[in-house]
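Worksheet for the structure shown next.
Nothing fancy with the numbering, it's 1 onward along the sequence.
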Amino acid sequence: MFDLVLRDATLPDRGSGPLDIGVIDGLIAAIGRDLGSARLDETAGGRLVLPGFVDSHLHLDKSCILDRCTAEGALADAIAEVARLKRDFSEEDVYARAEATLVKAILQGTMRIRSHVEIDPRIGLRSFAALKRLQRDYAWAVDLELCVFPQEGLLNDPGTEELLVEACEMGADLIGGCPYTDSDPQAHVDRIFAIARRFDLDIDFHLDFDLDPSWMHLDAVIAATERNGWAGRVAVGHVTKLSAIPPEALTTIGNRLAAAGIAVTVLPATDLFLMGRRHDHNVPRGVAPAHRLAELGVTCSLATNNVLNPFTPFGDGSLNRIANLYANVAQLGRKAEMICCLDMVTAGAARLMRCADYGIDIGKSADLVVMDATDPAFSVAE
């Protein structure tokens, strides 16, 4: 007997009509028609059923602080505002705000999250401790990865590296970097890789977050990935510079990323809000073309980034809304293009996070979302 059978489910890429999904011990045990009896019987009513949404880049620790902020503007202003505020963050304060955002995401169908956590002498390990508790408390509902990183630099911020190492010793899931805030970006990249090698961790960089394509820290990250043999274990977020280069140059970079095994996360809500602020007309969007990189074989995702703070003063935890926003901004209206956007908040994001048990197939985790749609493209459009 099954623990659960979800009946009459429309599954992506299975055009044979609605099917039943049988679940035993939290795993998909059968997919077919007219499955047997179950302790719990539910129906999808012919609606589309997806594996859970995957948010590959979120900042739970600094969410929901909009009511405390006085500054709004460019990236540097947002970083400075959070640097000022986080000195007074308590562990309980971080937990409460992060929990509020996490619950929103869960209710919107998100079942796996990578949350970046700021570590430096101003906040210490308080945010990390709060999110470790949240990780344990909500393990029944969401798989939460914690990526510790130095938002305000590393070489220029004495004491930060020691705290990062301590967080890794306490069980951080991976490590991140932010070279554009450091006085020595190349050394920053090298030190992050050295820590990753020491603890055998994947890496997720904030990278190239402006619209000047004349130089890129991406070159240093690609070289370090190849030198350290870290293919398939490195992701870069934002890379808004890639929105400011011609197609030929993008193709060259995309091929390099694919060959190096480096994944890309685009954060459309934040990138739209922060980029192009010096323009008073013909304002650039500043959103890297993830769909074009995906066509070149790069693993790509779309993600939330920030919620209700000076980096992004809005947000409701919905990754489907982010997919819709990206499709609108990138002018993607064809069915296959919208399905690509959906992939970047589901299977593509899962590939980036190396989730081996993801998907609707026998033996995979039975993490399922029922959409009020029957077509994957229309689940994004509507």
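- Of the options His116, Arg354, Arg114, a side-chain hydrogen bond (donor to acceptor under 3.5 Å, both in side chains) to Glu145 is made by Arg114 and by none of the others.
- With sequence neighbours excluded, the residues forming a side chain to side chain contact (heavy atoms under 4.5 Å, CB included) with Phe314 are Ala269, Phe273, Thr312, listed by chain and number.
- Cys64 is not listed as a side-chain neighbour of Asn309, based on a closest heavy-atom distance of 4.5 Å or more.
- Rounded to the nearest 0.5 angstrom, Tyr138 OH and Leu144 CG are separated by 11.5 Å.
- Once rounded to the nearest 0.5 Å, the distance linking CZ of Phe311 with CG of Asp77 reads 10.0 Å.
- Among residue pairs with one or both ends in residues 241-251, those qualifying as side chain to side chain donor-acceptor pair (under 3.5 Å) are Asp210-Lys241; sequence neighbours excluded.
- Phe205 and Cys178 make their closest contact through CD2-N, 4.4 Å (heavy atoms, listed as atom of the first residue, atom of the second, distance).
- Remark: Arg133 qualifies as a cation-pi partner of Tyr95 under the 6.0 Å distance and 45° angle criteria applied to the six-membered ring.
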Can you give the donor-acceptor pairs under 3.5 Å from side chains of residues 289-305 to other protein atoms, not counting sequence neighbours?
residue: His291; atom: ND1; partner: Tyr326; partner atom: OH; Å: 2.6
residue: Ser301; atom: OG; partner: Ser56; partner atom: OG; Å: 2.7
residue: Ser301; atom: OG; partner: Thr265; partner atom: OG1; Å: 2.8
residue: Thr304; atom: OG1; partner: Asp55; partner atom: OD2; Å: 2.6
residue: Asn305; atom: OD1; partner: His57; partner atom: NE2; Å: 3.0
residue: Asn305; atom: OD1; partner: His59; partner atom: NE2; Å: 3.3
residue: Asn305; atom: ND2; partner: Thr270; partner atom: OG1; Å: 2.9

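- Arg97 contributes a side-chain N or O that, together with a main-chain N or O of Asp61, makes up a donor-acceptor pair within less than 3.5 Å.
- The shortest distance between side-chain heavy atoms of Phe2 and Leu40 does not fall below 4.5 Å.
- Of all heavy-atom pairs spanning Ala377 and Asp375, the tightest one is N-OD1, 2.8 Å.
- One N or O on the side chain of Asn228 and one on the backbone of Ala224 form a donor-acceptor pair closer than 3.5 Å.
- Here the side chain of Asp88 pairs no donor or acceptor atom with the backbone of Leu85 at under 3.5 angstrom.
- For the residue pair Cys147 and Gly176, the shortest heavy atom distance occurs at SG-N, 3.4 Å.
- A cation-pi arrangement is absent between Arg227 and Phe193, since the terminal nitrogen or guanidinium carbon is not both under 6.0 Å from the aromatic centre and inside a 45° cone about the axis.
- Aromatic rings from His217 and His188 are positioned such that their centres are separated by 6.0 Å or more.
- Although no hydrogens or angles enter the test, the distance criterion places a donor-acceptor pair under 3.5 Å between the side chain of Arg285 and the main chain of Val329.
- Atom CZ in Arg233 sits 7.5 Å away from atom CG in Leu201 (nearest 0.5 Å).
- Here Lys86 contributes atom NZ and Arg122 contributes atom CZ; the two are 5.5 Å apart, rounded to the nearest 0.5 Å.
- For the pair Glu42/Val370, no side-chain contact is recorded, criterion being any heavy-atom separation below 4.5 Å from C-beta on.
- Across every non-hydrogen atom of Leu342 and Thr346, the tightest pair is O-OG1, 2.8 Å.
- Applying the side chain to side chain donor-acceptor pair (under 3.5 Å) rule to pairs touching residues 19-35 yields Arg7-Asp20, sequence neighbours excluded.
- The minimum heavy-atom distance linking Leu352 with Ala263 is given by the pair CD1-CB, 3.6 Å.
- Between the CZ atom of Arg197 and the CD1 atom of Ile192 there is a distance of 14.5 Å, given to the nearest 0.5 Å.
- A donor atom on one side chain and an acceptor atom on the other are found under 3.5 Å apart for Ser214 and Asp212.
- Listed by chain and number, the residues in a side chain to side chain donor-acceptor pair (under 3.5 Å) with Asn320 amount to none (sequence neighbours excluded).
- Under the 4.5 Å side-chain heavy-atom criterion for ILVMFWY residues, a single connected hydrophobic cluster contains both Val103 and Leu319.
- Exactly one of Pro121, Cys168, Pro150 qualifies for a side-chain contact (heavy atoms from CB on, under 4.5 Å) with Leu163. That residue is Pro121.
- Pairing each heavy atom of Ala288 with each of His238, the nearest pair is CB-O, 3.9 Å.
- The side-chain heavy atoms of Glu99 and Asp137, taken from C-beta on, include no pair separated by under 4.5 Å.
- Looking at residues two or more places apart in sequence or on another chain, you find a side chain to side chain contact (heavy atoms under 4.5 Å, CB included) between Val283 and His279.
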